[in-house]
Amino acid sequence: MMNTVVFDLGNVLVDYNGGVCVDMLGYTGEVKKELIHAIFLSDAWKAGDEGSVTPEEQLTQFINNAPHLEKEIRDVYEHLDGSIRKFDYTEEVLAHFRKAGFKLYYLSNYGEYLFEKTKYELDFLRKFDGGIISYREKLMKPQKEIYNLLMTRYNIKPNDAWFIDDRPENVEAANAVGMHGIVFDSHTVEEILTGKYTGGQER
């Protein structure tokens, strides 16, 4: 019996977009492209998510990716919270599942610095029964260990849980450990709020 929903955060419950952050600061053209690659698309970003570098070390690595843009990189880093915004539908989706009696958990790849900077956009996390943020555990999706840790920590039976994520590889990993994964897209919210949500195709 389905009684649990596990949510990813980025691009599911919050809009994550590094380009918006860079735009907000007025950087355009080639400079914008270089900043996005030096920061958001870099190995240093992934290292932050997996908790293998401190925020200070991560910033240094960003700068090393494009030393000629040190000033601009520091500017983006200072305003990194501009890359995260809670979706308008988030509270309604959580309320829908809560009213239906589901337990709610989150499982997100998220770096320490960004998490601390965006806590005000993540105020809805207090409505969950629990969850895991990757940097704290030194694990990341789609590593199976992070899914197993979530299920063990909160006594979640995988066959009773939906897992909602925007990245197919993360959903595949959830399916592999026995959860019912679904790739989040523009239709998912409508299906949830109209009562048509069934968790996608049967595995």
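Residues take their numbers from the sequence shown, with the count starting at 1.
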With no hydrogens and no angle check, is any side-chain donor or acceptor of [X] less than 3.5 Å from a backbone partner on [Y]?
X: Ser52; Y: Ala47; answer: yes
X: Tyr154; Y: Gly131; answer: yes
X: Asn11; Y: Tyr16; answer: yes
X: Arg126; Y: Asp123; answer: yes
X: Asp49; Y: Gly111; answer: yes
X: Asn170; Y: Asp165; answer: no
X: His96; Y: Ile192; answer: yes
X: Lys141; Y: Leu107; answer: yes

Just how far is it from atom [atom1] of [X] to atom [atom2] of [Y], taken to the nearest 0.5 Å?
X: Met151; Y: Phe163; atom1: CE; atom2: CZ; value: 10.5 Å
X: Phe62; Y: Asp43; atom1: CZ; atom2: CG; value: 10.5 Å
X: Asp23; Y: Leu35; atom1: CG; atom2: CG; value: 10.5 Å

Problem - Sole candidate of Phe97, Phe128, Phe7 that passes ring pair (Phe, Tyr, Trp, His ring centres under 6.0 Å) when paired with Phe102 - result: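 The ring pair (Phe, Tyr, Trp, His ring centres under 6.0 Å) with Phe102 is passed solely by Phe97 among Phe97, Phe128, Phe7.
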Exercise for the section: Give a yes or no on whether Glu145 atom CD has more than 12 heavy-atom contacts from other residues, nucleotides or ligands under 6.0 Å away. Expected result: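 Counting neighbours around CD of Glu145, more than 12 heavy atoms of other residues, nucleotides or ligands fall under 6.0 Å, so yes.
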Problem - Greater than 12 external heavy atoms within 6.0 Å of Asn155's CG - result: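 At most 12 heavy atoms, drawn from other residues, nucleotides or ligands, come within 6.0 Å of this atom.
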Handout entry: Electrostatic pair Glu137-Arg153, nearest N-O below 4.0 angstrom
Key =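 Looking at Arg153 together with Glu137, the answer is yes, because their closest N to O distance falls below 4.0 Å.
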